[in-house]
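Every value quoted in this text rests on a predicted model; they were computed, and no experiment measured them.
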Amino acid sequence: MNRSRPALRLGPLIVGAFAMTALVGPALSPYAPEAIALEHAFELPSADHPLGTSDNGTDILSVLLHGARLAAVIALLSVGLSLAVGTTLGTIAGYFGGRTDHVVSAFADLVQAFPGILLAIGIMALTANPGITHVVVALSATGWVLFARIARAQTLTLRQMEFVLAARALGAGQLRILARHIAPNLWGPLVVQATSGLGMAILAESTLSFLGLGPGARASWGALLDQGSAVLLRFPHVALIAGSAISLTVLGFNLAGDWMRDLADARSVEANASN
Amino acid sequence: MNAAFVRYLGLRTMRAALTVWAVISLVFLMIHLVPGDPVDVILGDQASPEDRADLRRTLRLDQPLLSQYGHFLSDVADGSLGNSFRQRQASVASLLREAMPHTAWLALSSLAFALALAIPLGAVAALKRGRLGDRVATTAAMLGIAIPNIWLGPLLVLGFGVQLQLLPMPGSDSTTGAALILPTITVGTALMAILARQTRGALIEVLSEPYIQAARARGLSPATVLFRHALRNALMPVITVAAAQLGALLSGAVITEKIFERPGLGTLFLEAFFDRDIPVVQGCVLVIALIYVTVNLLVDLFYVWIDPRVRLA
C-alpha cells in the first residue's frame with residue numbers, strides 16, 4: 001500500500017486540516033473578516049494580528065479562516081452538483097447506449113469545447129450580483145463532464161457483468177438494475193475524481209475571486225491574493241500568506257486524490273492476484 | 001491517403017462543423033439563458049426609460065427571438081461579430097484582431113517553454129527510474145502541477161522583478177521579449193509538469209519494448225537508441241496531450257495577462273465583463289471555443305495520419 005510514495009500520505013493530512021479549518025475556523029476567528037481599522041492597514045504579524053493585516057486593516061488570519069469556509073462550501077456544492085448530474089447522465093448513456101449515448105456524448109463534447117474557467121467568467125459576466133449560487137452553477141456547468149465520462153465508462157463494463165445479466169434474467173426492471181446493481185458499483189473511481197475535483201473547485205473559486213469575479217464576499221483567499229498582489233512590492237506578506245494557503249490546499253487535495261487512486265489500484269491488483 | 005482516411009476526414013470535419021454551429025447558438029443564447037432582464041444587468045436599475053429602450057433596440061431585444069438569431073448569425077458570417085456597445089464605432093472582430101496576437105505569442109512561447117523543459121526532464125526520470133534523478137523530476141512535476149498560476153505569477157514578480165531586479169515589472173512596456181519571460185513561465189509551468197509526467201510514462205513503456213532491446217543488442221549507442229528509436233514513438237502521446245491542454249493554456253494566458261497587466265484576449269474579456277459589454281464577451285467566448293474545436297480537430301486528424309493503427313471509426 002503506497003510503498004513507493006509515502007509523500008502521498010500528506011494529502012489526507014492537509015485535507016483533514018483544511019476541513020477542520022472550514023468547520024470550526026470562523027468560530028475561532030479573532031476579528032470579523034471585514035472589520036475595518038484604517039490606522040492598522042498592512043501591518044506585519046504581531047501579537048494582535050498573528051498573520052498581520054491587509055488593506056483597510058482587516059485581520060489576515062480572520063480572512064483566511066472565513067475564506068476556508070467559503071471555499072469549502074463552494075467546492076462541496078459544485079462538486080456535489082457536478083457529481084449528481086454527471087453520474088446520472090453518464091450512467092444513462094452507458095446503460096442504454098445507442099441514440100441516448102450519442103446525444104449525451106455529443107453534449108459532453110460540446111461543453112468541453114469551452115475551457116471551464118472561461119465559461120465560468122462568461123456566466124458570471126451575465127449576472128447582476130454574483131453570489132455563491134452563481135459560482136456553483138458556473139463551475140458545475142463544465143464540472144459534470146468528467147464525472148459523466150467516468151460513470152459512462154464504468155457502466156459500459158458493468159452492464160456486461162454476469163450479476164447484471166442475472167438480475168435481468170430474473171426479470172428486474174431497468175430502473176431497479178440501474179439503482180440497485182449498477183449505481184453501487186460506480187463509486188470507487190467517482191470518489192477519487194471527486195477528491196481531485198474539490199481541489200480544482202477551490203482553485204477555481206480562488207481564481208474567480210482573484211480576477212474580481214467572486215461571489216461578492218470579501219473573505220476569500222483569491223480576493224486576499226488579489227489585494228496582496230496589488231501591494232506586492234511594499235507588503236509582500238499579504239500575497240505570500242494567501243498564495244501559500246491556496247497552493248497548500250490544492251496540493252493537499254491532489255495528493256489525497258493520488259493516494260486514493262493508489263489505494264484503489266493496490267486493491268484491484270490484490271483482487272486480481274488472488275483470482 | 002486511402003478511402004478510409006478520406007471518409008474519416010469527412011465525418012470528423014462534419015462533427016467539428018456541427019460543434020461550431022452548436023457553440024455559436026449557445027453563445028447567442030447566453031444572453032437569454034440568464035435569469036432577469038439583460039438590460040437591467042447592463043444598465044443597473046437607475047437607468048432612464050429612454051436609455052433602456054435605446055439599449056433594447058441596439059441589442060435587438062425588441063425583435064422576435066428567431067430574427068435576433070438570424071441577425072446574430074449574419075454578424076458571425078460577415079466576420080464582424082456585431083459592434084461593441086461601449087465603443088460604438090468598433091466592431092467586436094476588430095477588437096479581437098487587436099488583442100489576439102498578444103495572447104497567441106504568450107500561448108506559443110509557453111508551449112515552447114513547456115516542451116523544451118518537459119522532454120529532457122521526463123527522459124531523465126524515465127532513464128533513471130526509481131533513482132535520485134527520477135525522484136527530483138517527479139517531485140518537481142508534482143509541485144509544478146499543484147502551484148496555481150495566480151500564485152506563481154506574483155511569486156516570480158517578487159523574486160525576479162523585485163529582489164533580483166532582473167526582469168521587467170508588470171505594467172512596463174509589454175512588447176519587448178524580456179517582458180514575455182515571466183508570463184511565459186507563469187503560463188507554461190503547469191503544462192511543463194503535465195508533459196514531463198507524460199514523457200516519463202510513455203518513455204518507460206517504449207523502453208521495455210522488444211525493438212529497443214534489439215537496437216541495444218545490435219550495439220547502438222544509448223544516445224542513438226534514446227533519440228532515434230525511443231523518443232520518436234514516446235513523443236506521440238506527449239504531443240496529443242500538449243494539444244489537449246490548449247484550453248488550460250488559454251485560460252492561463254487570460255489570468256496571466258491580468259497579473260502582468262498585458263494586453264490580449266484575457267484583458268479584453270475581463271474589461272468587457274466589467275463593462276457588461278455583452279457582444280464583446282460573446283465574441284471572446286466564441287473565438288476561444290473556435291480555436292479549441294479547430295485544434296482538437298487537427299490533433300485527431302494528425303493522430304490518425306501519423307499512426308495508422310488508430311481505429312478509424
> Between CH2 of B:Trp151 and CH2 of A:Trp221, what distance do you get to the nearest 0.5 Å?
Replying inline: 13.0 Å

>> With a 4.5 angstrom heavy-atom cut-off, is it the side chain or the backbone of B:Leu18 that approaches chain A, or both, or neither?
In response: neither

> Is it the backbone or the side chain of A:Thr207 that comes under 4.5 Å from a heavy atom of chain B, or both, or neither?
Replying inline: both

>> Taking CZ in A:Phe96 as the centre, count heavy atoms belonging to other residues, nucleotides or ligands within less than 6.0 Å. Is the count above 12?
In response: yes

> Taking the side chain as C-beta and beyond, is there a heavy-atom pair between A:Ser247 and B:Pro148 under 4.5 Å?
Replying inline: yes

> Are side-chain heavy atoms of B:Met142 and A:Asn254 found at a separation under 4.5 Å?
Replying inline: no

> Nearest 0.5 Å, what's the CZ-CD1 distance between A:Phe210 and B:Ile255?
Replying inline: 8.5 Å

> Do the side chains of B:Leu158 and A:Leu240 get nearer than 4.5 Å, heavy atoms only?
Replying inline: yes

> Given that the side chain runs from C-beta out, which part of A:Leu225 has a heavy atom under 4.5 Å from chain B: side chain, backbone, both or neither?
Replying inline: side chain

> What's the spacing between B:Lys258 NZ and A:Asp226 CG if we round to 0.5 Å?
Replying inline: 4.0 Å

>> I'd like to check the side-chain contact (heavy atoms from CB on, under 4.5 Å) partners of B:Asp134; sequence neighbours left out, ordered by chain and number.
In response: B:Ala125, B:Arg129, B:Thr138, B:Arg200

> Does atom CZ of B:Arg12 have more than 12 heavy-atom neighbours from other groups under 6.0 Å away?
Replying inline: yes

> Hey, does A:Ser206 have a side-chain heavy atom less than 4.5 Å from the side chain of B:Ile150?
Replying inline: yes

